[in-house]
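Note sheet for the following structure.
Model, not experiment: these values are computed from the prediction. All chains are named by letter (A, B, ...) in the order of the sequence lines, taking the proteins before the strands, and each is independently numbered beginning at 1.
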Number of protein chains: 2
Amino acid sequence: MASPSAAHAVQPLSLDRLKTACSTCGLRELCLPVGLSGEELDRLDNLIYLRKSIKKGTSIYRAGERFDALYAVRAGFFKTTVLLEDGRDQVTGFYMGGELLGMDGIGTEKHTCDAVALEDSEVCIIPFGRLEELSREMHNLQHHFHKVMSREIVRDHGVMMLLGSMRAEERLAAFLVNLSQRFLARGYSPSEFYLRMTREEIGSYLGLKLETVSRVFSRFQDEGMLSVQQKHVRIIDIPRLRALMGQRPC
Amino acid sequence: MASPSAAHAVQPLSLDRLKTACSTCGLRELCLPVGLSGEELDRLDNLIYLRKSIKKGTSIYRAGERFDALYAVRAGFFKTTVLLEDGRDQVTGFYMGGELLGMDGIGTEKHTCDAVALEDSEVCIIPFGRLEELSREMHNLQHHFHKVMSREIVRDHGVMMLLGSMRAEERLAAFLVNLSQRFLARGYSPSEFYLRMTREEIGSYLGLKLETVSRVFSRFQDEGMLSVQQKHVRIIDIPRLRALMGQRPC
DNA sequence: TGCGCCGTTTGATCCACGTCAACCGCGAAA
DNA sequence: TTTCGCGGTTGACGTGGATCAAACGGCGCA
């Protein structure tokens, strides 16, 4: 249903444009526009007018490529991976609607990881130079962008904690609780969802082998904490899962 | 010895002030002022006029405390640690001269880790609100600050890689090579230095137990790659150490 | 409808690192 | 100078997760 203010927009192009805008995006409360006023939103809309479809298995950018934009996930699901010279690679993050990709590239002007779609997806392109420009004029935007970067750092510390001092069960529990919360924030069920990534990708992110991930899933299921079949997960006992992720080994 | 330009500054306060300024700080090429012109540097000096001494073992800030400033290490050495409810804690980083601490706090306005001095140290206080203000007016400062945050993210990805897919020897090699480079960038010897942290702190950072760290040090020494006694390290074969950190297990 | 592939599950075995314990050595305090 | 305590080293042993291997099952494609 078109909003009253859009009713007199007669050109299809204009309508398309409207659909692209942050101001009408369902994810604006999770994404870059958080805290912006109506007028400010309009200015951000002028900056973010390009979108791009990314087919499953293809990448937005790859390590080594020139950095010049950030990407906001509009729809779909992504992973980022870094790789060592010897071919080993590791998943460093999973990204869903409203989350920002590409901040790793600012420091060196080159991307340092690959951002790969785990399903057919769509991203909004945020030219970084213009974002800096605009955030020089818009206090709120500037501050919110700093918050987003800071949270990425805190998230990474959480993963370091997980990789450095948690056992396999605790890691998977933490992973599932985190996914659950993020689905909830996006209006999806926190207790029932489809995993977009393989066991191997989960393992890579958690510093485990796929067999271990599979075994821990089975153990959780045996203990009645959740049910899994393939990529479909239903969490039955979130409190127990949550308790597990901060518990001593013995 | 006072520099010629400071010779006619008669008030002790003024001299003190001069010593505090970024413009005369030996670390300015590594720290926040990177890329600033003379006039810009002066403006930054007006912002960063407070310093603080931190005794060994005490902290600049602790998790949960209100965030309102960043801290640049002027002298000394720090670790940051996060802790789980159950008491487990983990070192998330080591910081030396010219590096910025506290960016984790921006996102939630509360610090999320403790920043503890590993030796008597000194930090410059950078009030964050004023930094945002100034970086709205100064392009270069804004961009450099974004780069610093981005590099923190990339550094964390490196640690995640290390924790998630490297063996103990590779981890310690990577750690030593990293330290070596950072000492070099600060004009110290890249091949001979004193560790400011204990084996336990190294282990915590690398996801290993102190005994393992100790054993790997001994193994490296037996193989002639370095010599260690207590906290004194002399690296004999950097190339071999470097080769080790990107090698397959077998 | 049947075939083949890839992701997953499960079992048997191995090994890198953790755990537990003893001892050493340096530096601070008495 | 001796003592004490903490950080570090080293050894013996245990174990969580890796590795190797086999089989399953859902899905795309012929």
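Rounded to a whole Å, the CG atom of L163(A) is 16 Å from the C1' atom of dG16(D). When rounded to the nearest whole Å, the span between CE of M166(B) and P of dC17(C) equals 13 Å. One atom, CD1 of I202(A), and another, C1' of dT9(C), lie 14 Å apart when rounded to the nearest Å. Distance, L208(A) CG to dT8(C) P: 15 Å, rounded to whole Å. Atoms CZ (R215(A)) and C1' (dC20(D)) sit 11 Å apart, rounded to a whole Å. Across the protein-nucleic acid pair, M197(A) atom CE and dT8(C) atom P stand 11 Å apart, rounded to whole Å. One atom, CZ of F217(B), and another, P of dT10(D), lie 13 Å apart when rounded to the nearest Å. Nucleotide dG7(C) holds its C1' atom 16 Å from the NZ atom of K209(A), rounded to whole Å.
For S214(B) and dT9(D), the shortest distance from a side-chain N or O to OP1 or OP2 is below 4.0 Å. The shortest distance between the side-chain N/O atoms of K231(A) and the OP1/OP2 oxygens of dT8(C) is below 4.0 Å.
A donor and an acceptor atom never sit less than 3.5 Å apart when one is taken from the side chain of R171(A) and the other from the base of dG17(D). Side chain E211(B) to base dC17(C): no donor-acceptor pair is found below 3.5 Å. Between the base of dG18(C) and the side chain of R167(A) there is no donor-acceptor pair shorter than 3.5 Å. R219(A) contributes no side-chain N or O that forms a donor-acceptor pair with the base of dT9(C) under 3.5 Å.
Of the candidates dT19(C), dA18(D), dT8(C), the closest approach to any side-chain atom of Q230(A) belongs to dT8(C). Each of dT9(D), dG7(C), dG17(D) was ranked by its minimum atom distance to the side chain of T198(A); first place goes to dG7(C). Side-chain atoms of R199(B) lie closest to dT9(D) of the nucleotides dT19(D), dT8(C), dT9(D). Checking dG17(D), dT9(D), dC17(C) against the side-chain heavy atoms of S218(B) singles out dT9(D) as nearest.
Remark on DNA chain D: of its neighbouring residues G207(A) and E200(B), the 5'-side contact belongs to E200(B), judged by nearest-heavy-atom nucleotide.
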Acceptor/donor pairs from residues 227-237 of chain B side chains to any protein atom, 3.5 angstrom cut, sequence neighbours excluded:
unit_1  : atom_1 : unit_2  : atom_2 : d
H232(B) : NE2    : E192(B) : OE2    : 3.1
D237(B) : OD1    : R240(B) : N      : 3.2
D237(B) : OD2    : R240(B) : NE     : 3.0

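A salt bridge links K79(B) with E201(B): the closest approach of a Lys/Arg side-chain nitrogen to an acidic carboxylate oxygen falls below 4.0 angstrom.
The aromatic rings of H111(A) and Y61(A) sit parallel to each other, their planes meeting at less than 30°, with 60° as the upper class boundary. The aromatic rings of F77(A) and F94(A) sit tilted, their planes meeting at an angle between 30° and 60°.
Side chain of R171(A) to backbone of L163(A): a donor-acceptor contact under 3.5 angstrom is found.
Residue contacts for L210(B): at a heavy-atom cut-off of 4.0 Å it reaches a base atom on one of the strands shown. The residue G203(A) sits apart from the nucleic acid: no heavy atom pair falls under 4.0 Å.
Applying the side-chain contact (heavy atoms from CB on, under 4.5 Å) criterion to A63(A), with sequence neighbours excluded, gives D114(A).
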